Protein chains: 2
Amino acid sequence: MDPARIDECLGRFESLCRERGLPLTVQRREILRAVLERDDHPTADTVYESAKDRIPGLSRTTVYRVLETLVSLGVVRRLHHPGPNARFDAKTSRHHHLVCRVCHRVIDLESEDLDNLKLPSVSHHGFRIEDYSVHVVGVCGECGSKGLGIRD
Amino acid sequence: MDPARIDECLGRFESLCRERGLPLTVQRREILRAVLERDDHPTADTVYESAKDRIPGLSRTTVYRVLETLVSLGVVRRLHHPGPNARFDAKTSRHHHLVCRVCHRVIDLESEDLDNLKLPSVSHHGFRIEDYSVHVVGVCGECGSKGLGIRD
DNA sequence: CTCCGTGCAAAAGGTTTGCACTGGT
DNA sequence: ACCAGTGCAAACCTTTTGCACGGAG
């Protein structure tokens, strides 16, 4: 994300904290900044690595707790991901994902067509729809060129 | 899944094993059966609980290893899921998911419209598309009626 | 008979929790 | 000054690995 938008997001986050009476700590701001700066859907550990240089003495525990807070504020999303550890994304606008079956890399996919799908009515499940995204599964360029992921 | 289709799937699995020269063990058959019998996208542990009564002395390790084998055979899929543990699905035909933001329940969603989306070309990423599915996020009937998951 | 698959136990992540202290309001 | 947030260490839970045994081909 470009620096101007990052500052804008941080600003909105600060307002949100004041609104809710949440203490605005260095950790919260810098961990959010670390997620905003990455567009590769980092794990908690990746976020920790990015943020620890800017926050002396930062603890992994805090990263987990702050990410949880950011998710419940709706500032960050927890991704649906096949790998063993949680992944996060600060892009909360509707978008879609290319997921590599081999290396588990997640690439953002922008498409107006996919953003405006007509979803079937699912009211009979009692399910209240809030959003959706399309997960496209396949093999990324890098894995493909290594000859990985050839089926059967 | 209804019993007739389960038997059909197990039969196809047996042929597949013979074809590949994979030993056909009780564990493999019964663990696959356990996944086929569930439509709630079980975790490895749930599969273990279902299968252990039918396989005396079954070990969790075996469940993990067999699930891995079934995934690589393409008989079972590993789901993209926000929760902390891996989830599996024996329905390998294209279908979609309603995911409850509160309880993480996954409900299958069938829709011919969604099955036939025209995906944007992503050849410029070098990404080879193999399949896709739509993840619809919201609040399920049960959580909604408990008043959970009200935003803000 | 030969391997591969299995079970057990231990290790290896990733994530959460209890507690004392620090820092924001 | 108060209370929530943080850091540390330990606990927890899921998943993986090493090794010896047993069953399938």
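Naming convention: chains lettered A, B, ... in sequence-line order (proteins, then strands); numbering from 1 in each chain. Fair warning: this is a prediction, and the values are worked out from it, not measured in the lab.
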Q | Between P of D:dA4 and CG of A:Leu24, the distance in whole Å | A | 17 Å

Q: Would you tell me if any nitrogen or oxygen in the side chain of B:Gln27 comes within less than 4.0 Å of OP1 or OP2 on C:dG7?
A: yes

Q: In whole angstrom, give the distance that lies between atom CZ of B:Arg60 and atom C1' of D:dT14.
A: 9 Å

Q: Kindly indicate whether the side chain of A:Thr25 and the base of D:dA4 share any N or O donor-acceptor pair separated by less than 3.5 Å?
A: no

Q: Using a strict 4.0 Å threshold on nitrogen-to-oxygen distance, state whether B:Arg94 and B:Asp131 make a salt bridge.
A: yes

Q: Please confirm whether any donor atom in the side chain of B:Arg65 sits under 3.5 Å from an acceptor in the base of C:dG7, or the reverse.
A: yes

Q) How close or far is atom C1' of D:dG25 from atom CZ of B:Arg18, stated in whole angstroms? A) 12 Å

**Q.** Main-chain N/O of B:Val106 paired with B:His41 side-chain donor or acceptor, under 3.5 Å
**A.** yes

Q) Nearest nucleotide by nearest heavy atom, which residue falls closer to the 5' end of DNA chain D, A:Thr61 or B:Thr43? A) A:Thr61

(Q) What is the separation between atom CG on B:Leu67 and atom P on C:dG5, rounded to the nearest whole Å? (A) 15 Å

Q: Can you see which heavy atom on B:Ser133 is nearest to which on B:His95, and at what distance?
A: CB-O, 3.4 Å

Q: May I have the distance from A:Tyr64 (atom OH) to C:dG18 (atom C1'), rounded to whole angstrom?
A: 18 Å

(Q) What is the separation between atom OH on B:Tyr48 and atom C1' on D:dC13, rounded to the nearest whole Å? (A) 15 Å

Q: Whole angstrom is fine here: how far is it from CD in A:Glu68 over to P in D:dA4?
A: 18 Å

Q | Salt-bridge criterion met for A:Arg33 and A:Glu30 (N-O under 4.0 Å) | A | yes

